[in-house]
Amino acid sequence: MAGGSKRWMQGVVLGVLMVVSASLTACAGPYQYYEGTGLHDATVAEATGSWENTEGTRVVLRKDGTALLEKLDGQDFDFEDGWRLSGTGTWQLNDDEDGQVVRLALTTRTRVERRLPAAAGTDSSASEPPSTYSWFFSVDRDRHDGLVLFFMYGDPDVGNMYVMTRETGS
């Protein structure tokens, strides 16, 4: 009986270790699911210009490395806070191992809007919008070989993408 008890205890310990291990890897962050687009041929000239999102977001990337942002939502879990930032900042096109990324930094916030009214019972002070913020837009190509900028938002298990396309008429 003592041998059976020992095996049972080993099984329990192994089970607990597996649950703890699974829990820790589930919290690895949003980028555990995304490895980049693999795109390495975009140019600064291609990225320069006006970009829009269906939710009324507008971003202008200027040749001199400055940027104008209007109603840009937070990235990753910050999206859940519901704020939308407007202002000015800087941008650059970086080429990482997994693909190109546009790094957009808000340096001067001029306006804050809320995407949705705060849910009943939530503490609105808990999600105070930041005065400065940085986004990392992955760079990809659409079916017409035009650039598309996007980032992931919300729960990484869902895989939501915030997509910016070339502004109509630009």
**Message:** If you define the side chain from C-beta out and look only at heavy atoms, does anything of Tyr153 sit under 4.5 Å from Asp73?
**Reply:** no

**Message:** Within the 4.5 Å heavy-atom criterion, are Leu149 and Leu61 side-chain neighbours or not?
**Reply:** yes

**Asked** Counting N and O atoms only, with roles assigned by atom type, does the side chain of Ser86 sit under 3.5 Å from a partner on the main chain of Thr110, one being a donor and the other an acceptor?
**Response** no

**Asked** Hey, does Glu167 have a side-chain heavy atom less than 4.5 Å from the side chain of Val60?
**Response** no

**Request:** Measure the shortest side-chain to side-chain distance between Tyr133 and Asp78 over non-hydrogen atoms and say whether it is less than 4.5 angstrom.
**Result:** yes

**Message:** Taking His144's backbone N and O only, do any of them form a donor-acceptor pair with Asp142's side chain (distance below 3.5 Å, no angle check)?
**Reply:** yes

**Item:** Donor-acceptor under 3.5 Å (Arg109 side chain, Pro130 main chain)
**Value:** yes

**Message:** Main chain of Phe151, side chain of Gln75: is a donor-acceptor contact present, judged purely on distance under 3.5 Å?
**Reply:** no

**Prompt:** Counting distance only, does the side-chain N/O of Asp155 pair as donor-acceptor with the main-chain N or O of Asp157 below 3.5 Å?
**Reply:** yes

**Asked** What pairs with Thr88 under side chain to side chain contact (heavy atoms under 4.5 Å, CB included), at least two apart in sequence or on another chain?
**Response** Leu68, Thr108

**Prompt:** Within the side chain of Glu46, is there an N or O that forms a donor-acceptor pair under 3.5 Å with the backbone of Thr43?
**Reply:** yes

**Asked** Is any side-chain heavy atom of Trp135 closer than 4.5 Å to a side-chain heavy atom of Leu69?
**Response** yes

**Message:** side-chain contact (heavy atoms from CB on, under 4.5 Å) for Val139 and Val101? Distances and angles first, verdict last.
**Reply:** CA-CA 6 Å; Val139 179; Val101 176; 5.6 Å; no

**Request:** Could you check if a side-chain atom of Arg84 sits within less than 4.5 angstrom of a side-chain atom of Arg114, using non-hydrogen atoms only?
**Result:** no

**Item:** Note, Leu72 side chain near Leu104 side chain (heavy atom, < 4.5 Å)
**Value:** yes

**Asked** Given side chains that start at C-beta, do those of Val102 and Leu93 come closer than 4.5 Å, heavy atoms only?
**Response** yes

**Request:** Mark yes or no for whether Thr57, through its side chain, and Lys71, through its backbone, hold a donor-acceptor pair below 3.5 Å.
**Result:** yes

